[in-house]
Number of protein chains: 2
Amino acid sequence: MTKGQWEAPSVLLAVDLVILTLRHARLHVLLIERGVEPFKGALALPGGFLRDQDEAIEAAARRELSEEAGLVDVHLEMIGVYGKPDRDPRGRVVSVAYLAIAPRLPEPVAGTDAAGACWTPVEQILSAGMEVAFDHRQILVDGVERARAKLEHTTLATAFCGETFTISELQQVYEAVWGVQLDPRNFYRKVQSARGFIVTAGPMRRTENGRPARLFKAGPVQVLYPPMVRTV
Amino acid sequence: MTKGQWEAPSVLLAVDLVILTLRHARLHVLLIERGVEPFKGALALPGGFLRDQDEAIEAAARRELSEEAGLVDVHLEMIGVYGKPDRDPRGRVVSVAYLAIAPRLPEPVAGTDAAGACWTPVEQILSAGMEVAFDHRQILVDGVERARAKLEHTTLATAFCGETFTISELQQVYEAVWGVQLDPRNFYRKVQSARGFIVTAGPMRRTENGRPARLFKAGPVQVLYPPMVRTV
DNA sequence: CGAATAGTGTCTTTTAGACAGTATCCA
DNA sequence: TGGATACTGTCTAAAAGACACTATTCG
C-alpha cells in the first residue's frame, strides 16, 4: 500500500524468450551468444529491456522475436516472472519470460540481428550440462515443462507444424516434446477423435517416401477433449 | 539488448493476490476496500508495491498475504504479469499476480491490517457484474481459471481443506470451484484410486449429521494420475 | 424407527493399448 | 517386385458413469 512520504522502488524490466521448434525430429531452442557484459560470450535466451516507458510487455516480446529470430505471427504466451534480487549483476532487473513456438524453419535463422543465433537441442542443456547465462536454465526448464503440459490438453502441438501437416508430422511433435515413442495407429485414432483438433485441408497429398498422407490443418478448438494423456 | 548511451526505462513493481477459499460451499475471494486514490472506496484485490529494492517478489506476496489477510503457510503460486502501460493512473506500474489458496477459516479475517477486508463470492464478480478496481477482474478470471485447471491434474484441492478432511469435504471443493455436481460414489472411487492423492489420517472420525466419515490428509504427490477429468 | 450421510458393489458404455492386416506410393 | 509409409479394423483390459444397496450415526 502506498503510504505517506514513502516512495516505491523501481526496477528494470526485461523480456526473455524461450523459442522452441522441431529440427530433425528433436526439440530445439534458440540461443544467442551475448555480445556485451555481463556473461559476454556466453549463450543466453534472446531478450532485452523494454524499449521505453510506454511499450507493452508482450509488445516487447514480439519485437525481440522479430529482431532476434525473424519470427512474426507465431504462438506466444507468458511463462512467468523471474525477479530474484541478485539474478543480474547490473542491478534489480525483473524479467518476464515468454514461450514462443515456431513451425519448422529453413535451416538458418532468417532476418536475424544477432550474429551468434543458433538452434540448440534442448537435451544438451537439460540433460548434458551445457551452460547458459543468468537464470536462463531455469526459464528454459519452466518453458519446456509448460509446452509438455499444454500438449496434453490443448492443441498447441499444431503450432510446431506449418500451415498444413500430416498426422505423422503431428506425432513427431508429441514424440519430440514428450520424449516418448507413440503407436502411430493409436495416435491416429486419438487425434481424429479429439473434437476440433485437426480438420482435413482438402484432398491434397504430399510425399517423400511411401504412401502419400492426407493433409490437415489446425482445427477451431484450443482446449482438447478428450485430452492426449501422457501416461506416467 | 543494452546499447551505447541508451538507458532502459524503469517501472514500479507491485504484487496482487487472488486469495481463494471455500465458505458455505461456495468459492470466495478476498477483496479490500481501497483507502487511497486511485479507486478510493472501490473494492480491489489485496496487494501493494515492493517494499524495497532488495525484496524478492514472492517475499512481497507473502508479506501482503500476512499483512492483509493474516495468512501464513498457505499455497502460493504465480499467475502472471499485468503490465499494460495505462493500467494504473499513477504511471507505469507492473503487477505480478499470485494465486493463494486458504483453507476454511474462522468467519472474520484474522489479524488484518486493512479495515475493509471482505470475503466475496467469486460468482458475484464473474457473473453478476460487480465492479473491482484496476484490471483486477481479469486477474481474478485468470486466477480462478488456474485453480480450475490445476484441480484436474494436481492435488491442489487439498489446499482448500484443513490439515485433515473427509472425502465429501474434498468433493465440495471440486463442486464449488468447478461449479458442477459430482456423484459421491464415483468421486469416492476416483479419489481413492488416484495414487498418493490422499492418505488416511488415523482411524479417527468426525461427525455433524449422519454416519461419521473417515479422515484423510494430503498425500505425498503433487501431480495427479489418473487426473480428475472435468467432462466438457 | 426415520432421516441423513458414509461407504461398497455391480453393471454398461467408453476409452486406451496392443497388434494384424490392407492400401498406395517409389525405385 | 520389395520397401516404406499411410490407414483401417479388431480384440482386450481398464476406466468412466449410472445407480442399487448396505452401514453407522443421531434424535
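We name chains A, B, ... by the order of the sequence lines, and we start the count at 1 in each one. No experiment lies behind these values; they were computed from the predicted model shown. Atom set for the values below is all heavy atoms of this structure, side chains included, hydrogens, waters and symmetry mates excluded.
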Interatomic distance, B/D183 CG vs C/dC11 C1' [rounded to whole Å] = 14 Å
In numerical order, the residues of residues 209-222 of chain B whose heavy atoms come under 4.0 Å of DNA chain C are B/N209, B/G210, B/R211, B/P212, B/A213, B/R214
What is the ring orientation for B/H136 with B/F134, classed by angle as parallel under 30°, tilted 30 to 60°, or perpendicular over 60°?
-> tilted
Do we see a donor-acceptor contact under 3.5 Å between the side chains of B/Q124 and B/T120?
-> no
Quick one: A/Q192 CD to D/dG9 P, roughly how many Å, whole number?
-> 12 Å
Can you tell me how far P of C/dT13 sits from CG of B/N186, to the nearest Å?
-> 16 Å
Is the shortest distance from a Lys or Arg side-chain nitrogen in B/E77 or B/R146 to a carboxylate oxygen in the other one below 4.0 Å?
-> yes
Would you kindly give the CZ-to-P distance between B/R230 and D/dA16, to the nearest whole Å?
-> 16 Å
Could you check if a side-chain atom of B/L22 sits within less than 4.5 angstrom of a side-chain atom of B/L27, using non-hydrogen atoms only?
-> yes
Whole Å only: how far is the CG atom of A/L182 from the P atom of D/dT5?
-> 17 Å
Given atom CZ of A/R189 and atom P of C/dC19, what is their separation to the nearest angstrom?
-> 14 Å
With a 4.0 Å cut-off on heavy atoms, is A/S168 in touch with a base, just the backbone sugar-phosphate, or nothing at all?
-> sugar-phosphate
Would you say B/K190 reaches D/dA16's phosphate, i.e. side-chain N/O to OP1/OP2 under 4.0 Å?
-> yes
Answer whether the closest heavy-atom distance between the side chains of A/F165 and A/I198 falls below 4.5 Å.
-> yes
Using the benzene-type ring in the case of Trp, are the ring centres of B/F187 and B/Y174 under 6.0 Å apart?
-> yes
Any donor-acceptor N/O pair under 3.5 Å between C/dA20 base and A/R185 side chain = yes
Atom-to-atom span, CG of A/L224 to C1' of C/dA16 - whole angstrom | 16 Å
Touch check for B/S193, heavy atoms < 4.0 angstrom, all strands: base, sugar-phosphate only, or nothing?
-> nothing
May I ask you to test the A/F197-A/V191 pair for a side-chain heavy-atom distance under 4.5 Å?
-> yes
Nearest-Å distance for atom pair CZ/C1', residues A/F187 and D/dG9 | 19 Å
